[in-house]
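Presented below is the structure to which this report refers.
Chain A is the first sequence line, chain B the second, and so forth, proteins listed ahead of strands; every chain is numbered from 1.
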Amino acid sequence: MSISNEQLLEMYYSMLLIRKFEDAIDLYAKKGIIPGFVHLSTGQEACHVGVVKALRPTDFKYPDHRGHGAILMCGTDKKRVMAEIFGKATGINGGRGGSMHVNDIEFGNMGFNGIQGSITLTALGTAFASQYKGTDEVSVVFMGDGTLGEGACHESINLAATWKLPVIYALINNQYAISTHYTEAHPQKQLATWADGYGVPNEVVDGNDVEAVYEATTRAVQRARKGEGPTLLEFMTYRWQGHFAGDPAAYRPEEEVQAWKEKCPIKRLKEKLLAKGESEEALKVIEDKANKEIEEMLEYSLNSPEPDPEEAVKHVYVGWEVESKK
Amino acid sequence: MSISNEQLLEMYYSMLLIRKFEDAIDLYAKKGIIPGFVHLSTGQEACHVGVVKALRPTDFKYPDHRGHGAILMCGTDKKRVMAEIFGKATGINGGRGGSMHVNDIEFGNMGFNGIQGSITLTALGTAFASQYKGTDEVSVVFMGDGTLGEGACHESINLAATWKLPVIYALINNQYAISTHYTEAHPQKQLATWADGYGVPNEVVDGNDVEAVYEATTRAVQRARKGEGPTLLEFMTYRWQGHFAGDPAAYRPEEEVQAWKEKCPIKRLKEKLLAKGESEEALKVIEDKANKEIEEMLEYSLNSPEPDPEEAVKHVYVGWEVESKK
Amino acid sequence: MSRIISYGKAINEALHQEMERDENVFILGEDVAKMGGDFGITQGIWHKWPHRAKDTPLSEQAIVGLACGAAVRGLRPVAEIMFADFISCSFDQMVNNAAKLHFMFNGKVSCPIVVRAPQGAGIRCAYHHSQSVESWFMNVPGLVIVAPSTPYDAKGLLISSIRNDNPILFLEHKMLYNMKGEVPEESYEIPLFKADVKRQGSDITIVAYSRMLHFALEAAERLAQEGVSVEVVDPRTLYPIEKETIINSVGKTGRLVIVQEAPKTMGYASEISAIVTEEIFEYLKAPIKRVASLDAPVAFSPVLEDYVLPTVEDVVKAAKEVMEY
Amino acid sequence: MSRIISYGKAINEALHQEMERDENVFILGEDVAKMGGDFGITQGIWHKWPHRAKDTPLSEQAIVGLACGAAVRGLRPVAEIMFADFISCSFDQMVNNAAKLHFMFNGKVSCPIVVRAPQGAGIRCAYHHSQSVESWFMNVPGLVIVAPSTPYDAKGLLISSIRNDNPILFLEHKMLYNMKGEVPEESYEIPLFKADVKRQGSDITIVAYSRMLHFALEAAERLAQEGVSVEVVDPRTLYPIEKETIINSVGKTGRLVIVQEAPKTMGYASEISAIVTEEIFEYLKAPIKRVASLDAPVAFSPVLEDYVLPTVEDVVKAAKEVMEY
Ligand SMILES: Cc1ncc(C[n+]2csc(CCOP(=O)(O)OP(=O)(O)O)c2C)c(N)n1
Ligand SMILES: Cc1ncc(C[n+]2csc(CCOP(=O)(O)OP(=O)(O)O)c2C)c(N)n1
Ligand SMILES: [Mg+2]
Ligand SMILES: [Mg+2]
């Protein structure tokens, strides 16, 4: 498998875009302009970019609660992703979902998850439909190290393995579930070994190396498309921010955070690109482009109207209207 | 570890008692005298006897829905076990539970399970209490091959392994969950390997060899008492009857049933005892004793009164009476 | 053409006909395929369509979750939960996934799943195999709950449920499986969200569903002998609630008894009582009465089980009290 | 001695005092130990009693199941479910295990667990982090549901709940955590199963709990200015239901409005309405009204969220309609 320079540059752009997107969200969340709370994927960009770039628009992608990065990669109109997080009428879901619930069926973006573990089960269904219809779309579920504690994960992998469903578990091990280190919540040293118990192929992958992520995902996808069943990929990475924007994350050592920041996936790719002969200037152009796009998204989001309140009771049922306040 | 002849004779008696107990229950269930449905453990006697005999009265034992055998081993007054299954006032739970729900806290008999998988979680709590109080009781959960499908099992073993709780999973692989062969419900060839995914020690044990069952359990119990955490034991055996008394079990090949009947755990122990020099006559005396005990239990159960209807609304709460029909 | 068949058979026939009609329909659940279901309701399907009948592991979460995901892709899953009690294990999937999918996707996705589950007491199987579960779900917007009381309704309502685009919890009653009644051979739909007047009357309205409908009809018969004319309304769809039929009936009779098998507190009857009081208080000639199980788990022994369940006698008594008020 | 502290702090203090008093009390849940809870409610406990404060994996089933098993052995677990919405994942443990243990053991075992869970909307976190869950559990005999509305009640009710021998779902409201009020420093109990008259009045009764109690009190204040004397009753224990206080109040006023934050259909208000209609119909001067959220999931955007939630204005309006009937 070889990744072209062009692809790498595109990945570089994407990772920068996610980084800047999260920075913007962080800022507007702390300003109190974005309602509710937001979980940022800063530091995990390589996982989101590497996984989704290895997929087709027709595949089913299940971003989790820390999913902005993956969502931005799906193909969904990015400014409408941001507008959704701002709770605006122009949001991709009309502002009814917000940060944790940004979905877009058109691009197989199944971001609707607020209950950890739940999407490992929904993914069984989209994967089953491929098998049922004899098509080759795969279903990729993002999940965190902490989420692995949920019983749902077991029911999912047990069935996927038994029925050989095209499910890929993209387990982002960013070391913590809120304040709890993964070694305090699980008995395994590497969570990937959990899949051994089901005979499910698994790999531990450097989650800060976008090429490694892309390649591992591609292998898993190939297996899945051929009907060989599920794979679990454990991406080792780190959550730079607190659990949510504003969480001081006092529960973890500052040196640990610094050490991981040294391993920044974007810096790493940049060095690789420079080594491959790309110029600082060319990379600067890409960065400017990302900055500009974020500016446009922000402008769009900030200037979008609030939803019509009556929308709050729409689409509860198909063919049955619930009472509104008239 | 060596098991004395005396112990073996006691086990022989226990296995015979369970066999005859189940035969009696089968008969009275089919006669329509026992209400509801009953799940018989015929053919699995070695598992129930071997496991419970390796435990203390103060340990916590969680028989499952096919649990008569284990329940009879706990120390609970056996005639009151049978009376419970008959739904009588003299039943150990006053007739409110029946076959699936025969429990007796006095002997650590936690038989209250109707929801598969649920007791793997309760067992965490009784095991945790040992750790919390610094005592060495273990908690042993019986579970079937089918039950392993439940998400609860994952949450249980994950926590037990992480916290090193004294839980022993006595997984009775009798090949079927109702009509579904275990290889159709799980990806593993041996379910014990599931525990590998959690780094939990596990063994596959001949579930028709009571000595092997006893010894494997003893090893697991020792580990647990020393604070070394959970063990999973997979006992390979077979369910002679249908899923419930009356189920024709048309879903499985008759030859399979016959082959397993050849491997009868009681016959097997009998042959061993004869080889060790016990006489046919001595074994006959034991069998007569078992027959007699069953007769007495039946007489007790059949002649016991029905519960007082008002009992149906007792013990819903502590300190709050629910409305009765006056 | 109509024949006399059982409620269980009527459901089975609906499944066969819908499998035949639409290749997106498939069934899944524990022992539903090769064995045809623990209560035999899915018999014959696997034999005809082996790839469209799936035996699952004991994994209620996966059953409902898989159904939701498959529905998103245009399939029409009909899942069975062996006993309704076990939906407790997939409660999250029902409440936070199935119920909200359409809403979460802002209407761009729907979740046309049917989760069939036998519920109710009477078979002497104690508290983990006897519950009536509708109350667990009636504060969960997005779900639809259907509970047929007759073979005719069971077939028509199941066909409508499979064709409907909402997530539907289809509650069958174990004690009705062997009940016989007239059922057309051909396929037919019975509208959801529409109560059915099962008996016309003018003095008092009794609302009852599932097994309790038959208690209500028997009570009505007995009361008729004493000169009381009872109107019996079967809501059929329990949730969301179509109010008109009940309100029209009580508007006419001025008296209402509601019968449910679930424990009394916070049952379907409570909601109907609240609605009627709120909307047509002025028409009420007497207090509304609820007939229900006592607020206790269902115990095993027949004398205990029978003690907590409502009886025909209870319905008659409540109706008389209302009449005599 | 009393001081002004927050509702969250009051709960924290109750936990500290009960940990101090009884070494069988311990806490468990996600991030409750080292971090002191997602909402900071369990702060300081792990520092004092590291072995009695346990951070669990994301395993809601295990949290509740472990609590039940530990309780059987005489411990007094106080579990936290980070958001009440996630009890959906341990619904089976609550309903089929905790609720029924005492019953299943024929009274020989009890299940003294407290499951604390913050619920309710208002923090702009959409449909998976905003639900009011009491209705899911109010048809489940054996469970107790407590929902404090003030810092004073929060402390006293939690202490009583920990000491009580029943399984208790203790529903805190996220929007009340920062609310301040007078709370004695010393330990005290507030009886369970006993409603509290929070304001005396003679014209109309408003029953409200948790955050809605404050809406009711504000509405009462406004109505007072228009000459309407409102009695406000806070049930505090939602289930099982102590009827006397409410019935006495409505017996006096003849008018009733019930306020809940949960969606309207099949809420606490429905049950209270049904009880009152059934028991003191003859005292009712007007229809009973319910004020509640609309029957929809709670959407994210503030304008959407606010639209579905009840407001003080809604309470005032309902009360006036009842008064003017
Ligand atoms: C069923 C459920 N339990 C708990 C939570 C609260 N919660 C949200 S994210 C989270 C931690 C998740 O950790 P992890 O899976 O490692 O993902 P990360 O946040 O590190 O990306 C928790 C406890 C939830 N949303 N759903
Ligand atoms: C949660 C739940 N799901 C399903 C059932 C119905 N059920 C009872 S026993 C059983 C099969 C269990 O198989 P296994 O665990 O292998 O035990 P065995 O019956 O073979 O002893 C099923 C499906 C149940 N009681 N609880
Ligand atoms: Mg993490
Ligand atoms: Mg089995």
Side-chain angles (χ1 to χ4, degrees), chain A residues 60 62 84 91-97 101 103-106 108 110-115 117-133 135 137 139 150-160 162-163 165 167 311-323, chain C residues 23-24 26 28 51-52 54-75 77 79 89-90 92-93 95-113 140-144 164-167 192-193 237 239-243:
Chain A
F60 289 83
Y62 290 84
E84 181 62 34
I92 189 74
N93 305 119
R96 60 175 53 198
H101 313 279
N103 52 69
D104 182 10
I105 190 69
E106 216 184 308
M110 304 291 284
F112 58 82
N113 175 54
I115 308 291
S118 167
I119 47 175
T120 64
L121 302 166
T122 324
L124 290 175
T126 46
F128 174 77
S130 296
Q131 198 178 69
Y132 190 88
K133 299 175 173 200
T135 59
E137 303 88 7
S139 293
E150 297 289 346
C153 301
H154 166 69
E155 295 198 10
S156 175
I157 199 169
N158 184 63
L159 195 70
T162 306
W163 292 7
L165 298 178
V167 178
E311 283 294 315
V313 292
K314 293 277 154 51
H315 308 305
V316 177
Y317 291 98
V318 182
W320 176 271
E321 295 296 320
V322 304
E323 256 175 57
Chain C
E23 63 179 20
N24 290 314
F26 71 99
L28 77 163
H51 298 296
R52 293 168 57 197
K54 305 293 287 182
D55 282 328
T56 67
L58 273 81
S59 300
E60 288 78 13
Q61 297 185 54
I63 292 169
V64 179
L66 189 152
C68 291
V72 165
R73 296 195 62 190
L75 302 185
C89 298
S90 34
D92 176 62
Q93 285 302 307
V95 164
N96 287 319
N97 204 12
K100 298 182 173 59
L101 264 177
H102 183 61
F103 187 85
M104 295 194 288
F105 277 86
N106 206 12
K108 274 173 257 157
V109 152
S110 65
C111 184
I113 70 171
V140 183
L143 284 181
V144 175
N164 189 276
D165 280 337
N166 294 293
L192 303 184
F193 314 126
T237 298
Y239 183 70
I241 297 173
E242 181 259 316
K243 304 175 182 179

**Prompt:** Among A:K314, A:E137, A:Q131, which residue forms the greatest number of heavy-atom pairs with chain C at distances under 4.5 Å?
**Reply:** A:E137
**Asked** When heavy-atom pairs shorter than 4.5 Å are enumerated against chain C, which of A:A123, A:A152, A:S156, A:G97 gives the highest number?
**Response** A:A152
**Prompt:** When rounded to the nearest 0.5 angstrom, what is the spacing between CG in C:D55 and OG1 in A:T162?
**Reply:** 12.5 Å
**Item:** Check: A:R96 side chain, C:F103 main-chain N or O, donor-acceptor pair, under 3.5 Å
**Value:** yes
**Message:** Within the structure provided, determine whether A:N93 and C:M104 are in side-chain contact (heavy-atom separation under 4.5 Å).
**Reply:** no
**Request:** Pick one of side chain, backbone, both or neither for A:N158, based on which atoms fall under 4.5 Å of a heavy atom in chain C.
**Result:** side chain
**Fill in**
Whatever's closer than 4.5 Å to a heavy atom in chain C on A:A160 counts as neither
**Item:** C:L28 side, atom CG; A:F128 side, atom CZ - distance, nearest 0.5 Å
**Value:** 7.0 Å
**Item:** Nearest atoms (heavy-atom pairs only) where A:G94 meets C:N106
**Value:** N-ND2, 3.7 Å
**Asked** Do C:D92 and A:E150 come close enough that some side-chain heavy atom pair is under 4.5 Å?
**Response** no
**Nearest-0.5 Å distance, OG of residue C:S110 to CD1 of residue A:I105** = 10.0 Å
**Asked** Non-hydrogen atoms of chain C under 4.5 Å away: do they reach the side chain of A:S130, the backbone, both or neither?
**Response** both
**Prompt:** So do the side chains of A:H315 and C:F105 get within less than 4.5 Å of each other, counting heavy atoms only?
**Reply:** no
**Asked** So which heavy atom on A:Y317 is nearest to which on C:L143, and how close?
**Response** OH-O, 2.6 Å
**Between CG on residue A:L124 and CD on residue C:Q61, distance to nearest 0.5 Å** = 10.5 Å
**Asked** If you take all heavy atoms of C:E242 and A:W320, which pair is closest and at what distance?
**Response** CA-CH2, 4.0 Å
**Prompt:** Using non-hydrogen atoms only, which part of A:F112 is less than 4.5 Å away from chain C: side chain, backbone, both, or neither?
**Reply:** both
**Item:** Selection from A:N103, A:V322, A:L165 maximising heavy-atom pairs under 4.5 Å formed with chain C
**Value:** A:N103
**Prompt:** Hey, does A:Y132 have a side-chain heavy atom less than 4.5 Å from the side chain of C:R73?
**Reply:** no
**Request:** Against chain A, work out which of C:Q93, C:E60, C:K100 has the most heavy-atom pairs shorter than 4.5 Å and name it.
**Result:** C:Q93
**Prompt:** Does a side chain donor of either C:N97 or A:T122 reach within less than 3.5 Å of an acceptor in the other side chain?
**Reply:** yes
**Fill in**
One should read off an interatomic distance between A:E155 CD and C:T56 OG1, to the nearest 0.5 angstrom, of 9.0 Å
**Message:** As an exercise, state the distance from CG of C:L66 to CH2 of A:W163, rounded to the nearest 0.5 Å.
**Reply:** 6.0 Å
